[in-house]
Amino acid sequence: MVTARAHSGEHKYLAVRAYLADLVATRLSVGDAVPSERSLTERFGVSRMTVRQAVDALVTEGVLERAQGRGTFVAPPRADFEMRLTTFGEEARRRGLVPGADVLEAGTAPAPAPVAEALDRPAGTPMHRVLRLRTADGNPMSLEEAWIPVDLAPDLLDRGVPESLYAALRARGLDPTWGEETITAADATPDELASLEMRTSQAVMRTTRRTFGGDAPLMLSRACYRGDRYSVFVPLREARPTLVPRTDRSGATAGRPGRIPEGSPR
């Protein structure tokens, strides 16, 4: 039980934070307003700055969100996705969410140099390119761009964009077996803010994933996820030797990442 006054010796803002977190967990629903700063300063006998510090902490954690000129409200829960070689849709369904995708752009284009290099092709090689807005329970979650060499699946987009690009590759005998992904933090661009309907935060996570079938690169995907709606779950284990050695461009060890040894975890 949180008392109306912060305990002596305790950081005052922590008492306010605990009180608000308890309200969210036990009494409030998504979209409900939390008590005003004025009422919290009176309840706890603290300064408005202290109250704001407590609210800021919960906003940063994604528990609350501010709406300019309206107040502070309970935020929708974050989608917690595990780092696995699965699609957005598969991970969403595993967590009881309804995935969706709006195709923004789709077609064939010459590969820019960085894309071509990542997929072990010469610059300008024809690639299928798909740009989609991914949603969970109707809420915008990410913008996802995928590049796939046309020579691997010439008819990939003949009947429109498949619901699952991984499934479409598997149907053509191209089984995605492993991948590598990098994650960085960044600020969203104005176009990303609009597409993702971000109003209270500009923080996004950017990911770049290369998907392989055996030794062959099949797809390069780049995504921009809402930082206030998305978190990543990464299982950890004891350190083991690196499965995929990094090599230089000379190809002294291999021109592309080596095959994962048989029996190694993927």
K.L.:
Find out whether Met49 and Gln53 are in side-chain contact, i.e. whether some heavy atom of one side chain is under 4.5 Å from a heavy atom of the other.
P.N.:
no

K.L.:
Apply side chain to side chain contact (heavy atoms under 4.5 Å, CB included) to residues Thr208 and Glu181 and explain how you reach the verdict.
P.N.:
CA-CA 5 Å; Thr208 300; Glu181 188 161 57; over 6 Å; no

K.L.:
Looking only at heavy atoms, what is the nearest atom pair of Tyr19 and Leu40, with distance?
P.N.:
CE2-CD2, 3.8 Å

K.L.:
Is Arg121 reaching over with its side chain to a backbone N or O of Glu117, donor-acceptor style, under 3.5 angstrom?
P.N.:
no

K.L.:
For the residue pair Thr182 and Thr207, establish whether any side-chain heavy-atom pair is separated by less than 4.5 Å.
P.N.:
no

K.L.:
Would you kindly confirm whether Met219 and Val150 end up in one hydrophobic cluster when ILVMFWY residues are joined by side chain heavy atoms under 4.5 Å apart?
P.N.:
no

K.L.:
Once you round to the nearest 0.5 Å, how far does CG of Leu169 lie from OG1 of Thr211?
P.N.:
8.5 Å

K.L.:
Does Ala106 offer a backbone N or O that forms a donor-acceptor pair with the side chain of His128 under 3.5 Å?
P.N.:
no

K.L.:
Is the closest side-chain heavy-atom distance between Leu165 and Arg132 below 4.5 Å?
P.N.:
yes

K.L.:
Is there a path of hydrophobic side-chain contacts, each under 4.5 Å between heavy atoms of I, L, V, M, F, W or Y residues, that connects Met198 with Leu143?
P.N.:
yes

K.L.:
Starting at CD1 of Ile148, measure out to CZ of Arg129 and round the result to the nearest 0.5 Å.
P.N.:
12.5 Å

K.L.:
Identify the heavy atoms of Ser195 and Pro140 that sit nearest to each other, and give their distance.
P.N.:
O-CB, 4.1 Å

K.L.:
Hydrophobic clusters join Ile, Leu, Val, Met, Phe, Trp and Tyr when side-chain heavy atoms are under 4.5 Å apart, directly or via other members; which others share one with Trp147?
P.N.:
Val115, Leu119, Met127, Leu220

K.L.:
Report yes or no: does Asp137 contribute a side-chain atom to a donor-acceptor pair with the main-chain N or O of Val98 at less than 3.5 Å?
P.N.:
yes

K.L.:
Got a second to check how far Glu145's CD is from Ser221's OG, nearest 0.5 Å?
P.N.:
9.5 Å

K.L.:
In Å and rounded to the nearest 0.5 Å, what is the OG1 to CG distance from Thr72 to Asp56?
P.N.:
9.0 Å

K.L.:
Going through the distances and angles, do Met141 and Thr135 end up as a side chain to side chain contact (heavy atoms under 4.5 Å, CB included)?
P.N.:
CA-CA 5 Å; Met141 295 293 290; Thr135 62; 5.5 Å; no

K.L.:
Taking the side chain from Ser39 and the backbone from Pro35, do they hold a donor-acceptor pair closer than 3.5 Å?
P.N.:
no

K.L.:
Would you check, one step at a time, whether the test side chain to side chain contact (heavy atoms under 4.5 Å, CB included) holds for Arg66 with Val55?
P.N.:
CA-CA 9 Å; Arg66 287 192 175 93; Val55 173; 3.4 Å; yes

K.L.:
So do Phe212 and Leu218 actually touch side chain to side chain, heavy atoms under 4.5 Å?
P.N.:
no

K.L.:
Measure from the side-chain N and O atoms of Thr41 to the backbone N and O of Ser47, and report whether any donor-acceptor pair falls under 3.5 Å.
P.N.:
no

K.L.:
Val103, Leu157: one ILVMFWY side-chain cluster at the under-4.5 Å cut-off?
P.N.:
yes

K.L.:
If you group Ile, Leu, Val, Met, Phe, Trp and Tyr by side-chain heavy-atom gaps below 4.5 Å, do Val59 and Val34 land in one group?
P.N.:
yes

K.L.:
Going hydrophobic residue to hydrophobic residue with side-chain gaps under 4.5 angstrom, can you get from Val63 over to Phe73?
P.N.:
no

K.L.:
Show me the pairs that pass salt bridge (charged side-chain N to carboxylate O under 4.0 Å, His left out) and involve residues 186-196, at least two apart or across chains.
P.N.:
Glu192-Arg206

K.L.:
Could you check whether any side-chain heavy atom of Pro110 comes within less than 4.5 Å of a side-chain heavy atom of Thr125, counting everything from C-beta outward?
P.N.:
no

K.L.:
How long is the gap from CG on Leu196 to CG on Asn139, to the nearest 0.5 Å?
P.N.:
11.5 Å

K.L.:
Closest heavy-atom contact between Pro126 and Thr108?
P.N.:
CB-CG2, 4.2 Å

K.L.:
Atom CG in Leu131, atom CZ in Arg222: separation rounded to 0.5 Å?
P.N.:
10.5 Å

K.L.:
Given the rule in the side chain to side chain contact (heavy atoms under 4.5 Å, CB included) test, do Arg38 and Glu42 qualify, once you have shown the distances and angles that lead to the verdict?
P.N.:
CA-CA 6 Å; Arg38 175 178 294 180; Glu42 294 173 354; 3.8 Å; yes

K.L.:
Using a strict 4.0 Å threshold on nitrogen-to-oxygen distance, state whether Arg27 and Asp32 make a salt bridge.
P.N.:
no

K.L.:
Is a donor on one side and an acceptor on the other found under 3.5 Å between the side chain of Arg199 and the backbone of Ala67?
P.N.:
no

K.L.:
Main chain of Gly214, side chain of Trp178: is a donor-acceptor contact present, judged purely on distance under 3.5 Å?
P.N.:
yes

